[in-house]
Asks: 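I have a structure here, written as structure tokens, and I will follow up with some questions on it.
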Amino acid sequence: MSEMLKWTATEALAKMATGEVTSVQLTEAVLARAEARADATNAYITICREDALAAAAASDARRAKGEVGLLEGLPMGLKDLFCTKGILTTAASHILDGFTPAYESTVSAKLAAAGAVCVGKLNLDEFAMGGSGEHSFYGPAKNPWDTSRVPGGSSSGSAAAVADYQCYVATGTDTGGSIRQPASFTGIVGIKPTYGRCSRFGVVAFASSLDQPGAMARDVSDAALFLQAMAGHDVRDSTSAPLDVPNWVEETPKGSLKGLRVGLPKEYFIEGLDPVIAQAVKAAADKMAAAGAEITEVSLPHTKYAVAAYYIAAPAEAASNLARYDGMRYGLRVEGANLTETYTNTRTAGFGDEVKRRIMVGNYVLSSGYYDAYYTQAQKVRSLIAQDFENVFTNVDVILAPTAPSLAFKIGEKSNDPVALYLEDAFTIPASMAGLPALSIPCGTAEKDGVTLPIGMQLIGAPWAETKILQTAYAWEQLRGTFTTPFNT
Ligand code: GLN
């Protein structure tokens with residue numbers, strides 16, 4: 001593998017700044033890696049070779065004129081949920097066959113304006129519904145640590161590609177854990193910012209009150225850098241927050257563990273959590289304590305209701321959002337004898353089983369007679385979860401918890417048991433329900449069935465406290481030392 005692929009994004013930008021390499025050279029190297037590893041990892045749905053090389057050449061020309069954006073010339077990947085003008089956007093669904101958007105998502109437009117080069121569109125669970133990547137119409141992405149295992153999901157291709165050096169950084173989206181859980185399964189850093197920090201405009205909608213774009217990278221500095229370019233107010237998303245974007249690149253290295261109040265929620269260390277993960281997260285807490293952090297146990301009593309409430313709220317919103325796929329305006333159309341039959345045929349052929357399951361659950365919980373019993377209750381639980389966090393954040397600066405209850409599991413291991421897969425989200429869903437910023441970072445590895453697998457830990461912050469969790473993650477990264485992968489040859 002070319003040495004330049006192993007650089008961090010920050011290093012790659014520095015090398016371009018000194019003229020040691022060009023964006024075209026970096027982009028060529030990334031494309032070659034992505035193409036060579038396509039069969040093994042299935043990380044990309046579309047590799048944009050020609051567009052990427054043209055964008056890289058344009059970036060090199062801008063640099064020659066002294067026009068240098070924050071991500072000038074940096075090859076990156078986009079989860080295939082972000083609409084890209086003129087480039088196939090699939091959401092990993094058959095129903096979006098041949099859909100080339102007429103517009104660009106705000107986030108991808110911002111990244112392009114910062115000089116980033118999109119090398120391709122990354123695999124995911126269909127409409128971002130899932131936690132393993134197995135629900136993709138294009139087949140599952142594979143975990144580079146062991147390609148018989150899932151990379152997590154739904155940002156499965158983003159995680160696999162970043163971990164496997166097939167791009168420096170990638171976008172993800174997180175509705176109930178889809179950035180953090182795949183980050184933990186592949187040994188990378190993933191940050192879901194506060195709901196409203198990044199625009200959802202042009203991101204194919206799953207559950208609009210929960211969906212949030214975020215950054216996936218191989219270290220904390222790169223995640224901070226990439227998120228900084230993605231974030232910011234957007235008038236085209238009514239839930240986007242009118243706040244200035246902090247200078248995370250400068251602020252992230254300034255944190256300290258001395259006197260930092262870290263809460264370990266007792267509800268996250270429960271039966272069902274792989275003991276090896278519990279041990280690694282607790283060992284990280286001990287190490288942070290030795291470096292001056294004040295670790296205390298905290299309680300988030302409504303945690304146990306989070307999964308149940310989420311699997312009412314998210315499908316309800318999904319059922320409404322997915323009503324637009326009727327075969328009339330874009331994507332797949334399977335003709336029938338009349339309009340209703342065409343709708344039915346199109347939706348029957350176009351949606352996968354998991355998406356259909358959620359549409360049915362969503363319409364059920366929204367139907368009259370069941371609305372109050374399910375949907376209204378779920379919304380109440382959501383408030384209680386947010387209240388739990390608010391209470392805890394009066395006493396601690398950050399919450400430290402496992403990201404996921406298990407290590408990366410085998411492809412097929414849980415695919416016949418939707419509920420088993422839903423329980424994988426137990427530790428990521430609460431922060432999503434409360435709209436809080438949360439990050440996953442590697443805290444160790446474990447041996448399982450003869451392979452080494454990464455372990456992720458999660459840092460959850462108060463609303464808009466991305467700076468605090470990035471600083472904490474950075475300080476932890478210094479303490480932990482380099483995190484090496486066994487496959488980067
Ligand atoms: N795994 C969760 C789900 O299936 C979360 C998905 C996501 O965050 N997009 O809904």
Side-chain angles (χ1 to χ4, degrees), residues 79-82 91-93 122-136 140-141 150-159 170-186 190-195 198 200 203-216 306-319 321-322 351-362 365 378 382 403-406 408-409 413-415 417-440 456 458 460:
K79 184 177 185 177
D80 203 12
L81 202 63
F82 290 81
S93 182
L122 293 155
N123 207 347
L124 66 152
D125 282 295
E126 184 177 1
F127 287 109
M129 296 177 192
S132 69
E134 292 165 288
H135 301 314
S136 168
V150 304
S154 66
S155 308
S156 53
S158 304
T171 61
T173 62
D174 193 312
T175 303
S178 280
I179 288 175
R180 292 161 284 159
Q181 184 252 25
S184 83
F185 278 19
T186 56
I191 178 165
K192 175 198 98 73
T194 312
Y195 181 82
C198 290
R200 291 181 295 106
V203 180
V204 175
F206 163 12
S208 307
S209 76
L210 295 154
D211 297 344
Q212 184 55 209
M216 305 177 77
V307 171
Y310 171 87
Y311 279 98
I312 290 170
E317 295 186 28
N321 275 326
L322 271 58
F351 291 133
D353 288 348
E354 182 60 27
V355 173
K356 285 178 184 157
R357 184 177 293 124
R358 301 212 187 187
I359 291 172
M360 285 189 281
V361 169
V365 300
R382 195 169 171 179
T403 304
S406 66
F409 45 88
E413 194 179 320
K414 296 182 198 268
S415 47
D417 188 350
V419 175
L421 207 49
Y422 297 170
L423 290 171
E424 284 292 311
D425 305 329
F427 304 147
T428 46
I429 278 176
S432 297
M433 293 292 261
L436 301 176
L439 170 156
S440 180
Q458 186 178 198
I460 305 172

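First listed ligand is number 1; within each ligand, the first listed atom is number 1. Owing to the predicted nature of the structure, the values given are computational and were not obtained by experimental measurement.
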Asks: Checking Ser158 against Lys79: is there a side-chain donor and acceptor pair closer than 3.5 Å?
Replies: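 The answer is no; no qualifying pair exists.
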Asks: Tyr422 and Val307: which non-hydrogen atoms are nearest, and at how many Å?
Replies: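 Minimum heavy-atom contact is O-CG1, 4.0 Å.
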Asks: Of all heavy-atom pairs between Gly131 and Gln181, which one has the smallest distance, and what is that distance?
Replies: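 Where Gly131 meets Gln181 most closely, the heavy atoms are O-NE2, 2.8 Å.
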Asks: Residue by residue, ordered by chain and number, which ones reach under 4.0 Å of ligand 1 with a heavy atom?
Replies: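 Close residues (ligand 1, cut-off 4.0 Å): Ala128, Met129, Gly130, Gly131, Ser154, Asp174, Thr175, Gly176, Gly177, Ser178, Phe206, Tyr310, Tyr311, Arg358, Asp425.
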Asks: Is there a donor-acceptor contact under 3.5 Å linking the side chains of Ser208 and Glu317?
Replies: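 Judged by distance alone, the side chains do not pair up.
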Asks: Answer yes or no: is there a donor N or O on one side and an acceptor on the other, between the side chain of Asp211 and the main chain of Phe206, under 3.5 Å?
Replies: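 Confirmed, Asp211 side chain pairs with Phe206 backbone.
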Asks: Check for a donor-acceptor pair, side chain of Arg382 on one end and backbone N or O of Met433 on the other, with a separation under 3.5 Å.
Replies: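 Answer holds: yes.
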